[in-house]
Amino acid sequence: MSLRVLGVNASARTDGFTAELLDEVLEAARRRGATTERLDLVRYPFPFCVGNYSQDPTSCGPDTCVQGPWDGFGKIADKLIRADAVVFATPVYWFSVSARMKALLERMTSMENQGLLNLGKPMVLLAVAEEEGASQALSQMLLPLSYMGFVLAPLGLVYAHYRGAVSLKENTELMEDARIAGENLVLMAERLRGTAFREPLPSYQYRLPRLPGVAAD
C-alpha cells in the first residue's frame with residue numbers, strides 16, 4: 001500500500017502562490033510513489049478553539065471536544081490521522097501564519113491532549129511571502145507541530161518570496177528545494193512507518209488540581 005501524503009493549504013486562495021508551491025512538493029512525493037491529496041482549509045470552515053482545555057482537559061480530545069468533534073475540523077482531523085506524512089503550507093500575513101493556519105493549530109490541541117495522535121509523523125513546512133516574514137511563519141508552525149509529535153523531514157523548511165513574480169516556477173532554485181523536500185518526506189515516512197515511539201502521559205495528568213475560584217486562561 002502506497003504512502004499517503006496530505007498537503008494542507010492555509011491560504012484563502014486555491015490557485016495562489018501557496019497552492020502552487022504546495023503542489024510542487026506533492027508532485028515530488030507522487031514521483032516517489034506516494035498517493036497525495038491537497039486539502040484547502042477554505043473549503044472546510046470550522047469554529048475557533050474556545051480554550052476548554054484550560055477549564056476541563058478531559059473535554060479536549062478527538063472525540064470529546066465540546067465544539068463538536070465532527071464539525072468542519074473533524075473532517076480535517078480524520079484526514080490528518082489517516083495520512084502517513086503531511087505538508088503544511090501557509091501564506092505570510094504580517095510576519096505570521098495565516099489566520100486559518102493559526103486556527104488549525106489551536107484546534108489540533110485536541111489531537112495531542114489525550115495522546116499524541118500524530119507522534120512520529122513526518123512533515124514539511126512551507127511559507128510564501130510577498131516580502132518578509134517567511135522565517136517567522138515557519139517557526140510559528142514548527143514549534144507547536146513538533147510538540148504535537150510531528151517530525152521535520154530533512155530540508156523540510158521551504159519558503160518563497162514572490163514579489164513581482166508571475167509564477168514561482170520562474171525560481172529554479174525554489175523548485176529544486178520543493179522537489180527535495182517532497183522526496184525526503186516520502187523517504188522519511190517509508191523508514192518511520194510502523195515505528196513505535198515513546199510518549200509521556202498527557203500533560204494535564206501531571207497538573208495539580210485547579211483551585212476553586214482560580215480563573216482559566
Side-chain angles (χ1 to χ4, degrees), residues 1-11 13-41 76 78-92 97-98 101 104-105 108 111 116-129 133-162 165-197:
M1 184 177 180
S2 64
L3 290 167
R4 296 179 297 257
V5 176
L6 178 68
V8 179
N9 174 24
S11 173
R13 298 181 178 86
T14 60
D15 59 353
F17 290 110
T18 302
E20 183 182 12
L21 183 58
L22 176 56
D23 286 344
E24 289 295 323
V25 176
L26 294 178
E27 174 60 28
R30 281 194 296 275
R31 288 196 297 266
R32 290 291 311 184
T35 299
T36 66
E37 177 185 359
R38 196 182 88 186
L39 187 158
D40 300 306
L41 290 182
I76 298 169
D78 184 63
K79 292 179 182 293
L80 287 168
I81 291 172
R82 293 177 183 275
D84 297 299
V86 183
V87 185
F88 294 92
T90 184
V92 176
V97 298
S98 69
M101 178 59 74
L104 173 65
L105 295 174
M108 285 176 67
M111 302 177 70
L116 300 175
L117 302 185
N118 292 294
L119 180 62
K121 186 168 293 184
M123 67 176 175
V124 162
L125 304 179
L126 311 177
V128 179
S135 60
Q136 292 98 312
L138 289 172
S139 67
Q140 289 162 10
M141 293 188 288
L142 178 61
L143 188 58
L145 289 169
S146 296
Y147 270 102
M148 293 177 189
F150 285 91
V151 182
L152 185 68
L155 302 177
L157 297 176
V158 181
Y159 67 89
H161 294 118
Y162 64 84
V166 175
S167 169
L168 295 181
K169 290 183 173 64
E170 299 170 7
N171 187 332
T172 55
E173 182 179 2
L174 174 62
M175 293 297 99
E176 178 70 359
D177 289 344
R179 180 188 65 79
I180 291 172
E183 292 181 355
N184 283 344
L185 182 67
V186 175
L187 288 170
M188 175 176 272
E190 289 173 343
R191 285 155 177 75
L192 293 183
R193 195 175 194 181
T195 302
F197 292 93

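Since this is a predicted model, take the numbers as computed values, not measurements. Numbering starts at 1 and runs along the sequence shown.
- For the pair S146 and L142, the tightest heavy-atom approach, listed with the atom from each and the gap, is OG-O, 2.7 Å.
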Residues L104, I76; criterion side chain to side chain contact (heavy atoms under 4.5 Å, CB included); working and verdict: CA-CA 9 Å; L104 173 65; I76 298 169; 3.9 Å; yes
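- Here CD1 of I81 is found 5.0 Å from CG of L117. Values are rounded to the nearest 0.5 Å.
- The two residues P122 and D84 make their nearest non-hydrogen contact at CD-O, 3.4 Å.
- With R32 contributing its side chain and A28 its backbone, the two residues share no donor-acceptor pair below 3.5 Å.
- Note: L168 CG to M175 CE = 5.5 Å, rounded to the nearest 0.5 Å.
- Looking at residues two or more places apart in sequence or on another chain, you find a salt bridge (charged side-chain N to carboxylate O under 4.0 Å, His left out) between K79 and E37.
- Closest approach of P144 and S139 over heavy atoms only: CD-O, 4.4 Å.
- Partners of R38 by salt bridge (charged side-chain N to carboxylate O under 4.0 Å, His left out), not counting sequence neighbours, listed by chain and number: D23, D40.
- Not a single donor-acceptor pair under 3.5 Å links the side chain of N184 to the backbone N or O of A153.
- Nearest heavy-atom pair, M141 versus L105, reported as atom, atom and distance to 0.1 Å: CA-CD1, 4.4 Å.
- No more than 12 heavy-atom neighbours from other residues, nucleotides or ligands sit within 6.0 angstrom of CZ on R13.
- Using a distance-only test at 3.5 Å, with no hydrogens or angles considered, a donor-acceptor pair links the side chain of K121 to the main chain of L80.
- When every heavy atom of V97 is checked against every heavy atom of Q140, the shortest pair comes out as N-OE1, 3.2 Å.
- Contact record, G120 with V151: CA-CG2, 3.8 Å, taken as the closest heavy-atom pair.
- When side chains are defined from C-beta on, M108 counts as touching L145, because their heavy atoms get closer than 4.5 Å.
- We find the CG-OH distance between N171 and Y162 to be 14.5 Å, quoted to the nearest 0.5 Å.
- Judged purely by atom type and a 3.5 angstrom limit, S98 has no side-chain atom pairing as donor or acceptor with the backbone of T90.
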Kindly determine whether V5 and R30 satisfy side chain to side chain contact (heavy atoms under 4.5 Å, CB included), including the steps that lead there. CA-CA 9 Å; V5 176; R30 281 194 296 275; over 6 Å; no
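- A distance-only check finds no donor-acceptor pair linking the side chain of E24 to the backbone of A178 [under 3.5 Å].
- For the pair M101/P91, no side-chain contact is recorded, criterion being any heavy-atom separation below 4.5 Å from C-beta on.
- Between the OG1 atom in T35 and the CG atom in L6 there is a gap of 12.0 Å [rounded to 0.5 Å].
- More than 12 heavy atoms of other shown residues, nucleotides or ligands fall within 6.0 angstrom of atom CZ in F197.
- In this structure, F88 and F150 have perpendicular ring planes: the angle between them is above 60°, well past the 30° mark.
- With rounding to the nearest 0.5 angstrom, the CG atom of L126 is 12.0 Å from the CD atom of E20.
- Residue V87 forms a side chain to side chain contact (heavy atoms under 4.5 Å, CB included) with just one option from T36, L39, L22, V158, and that option is L22.
- The CG atom of L174 lies 11.0 Å from the CD atom of E170; values are rounded to the nearest 0.5 Å.
- Looking at T18 and N9, their side chains come closer than 4.5 Å, going by heavy atoms from C-beta outward.
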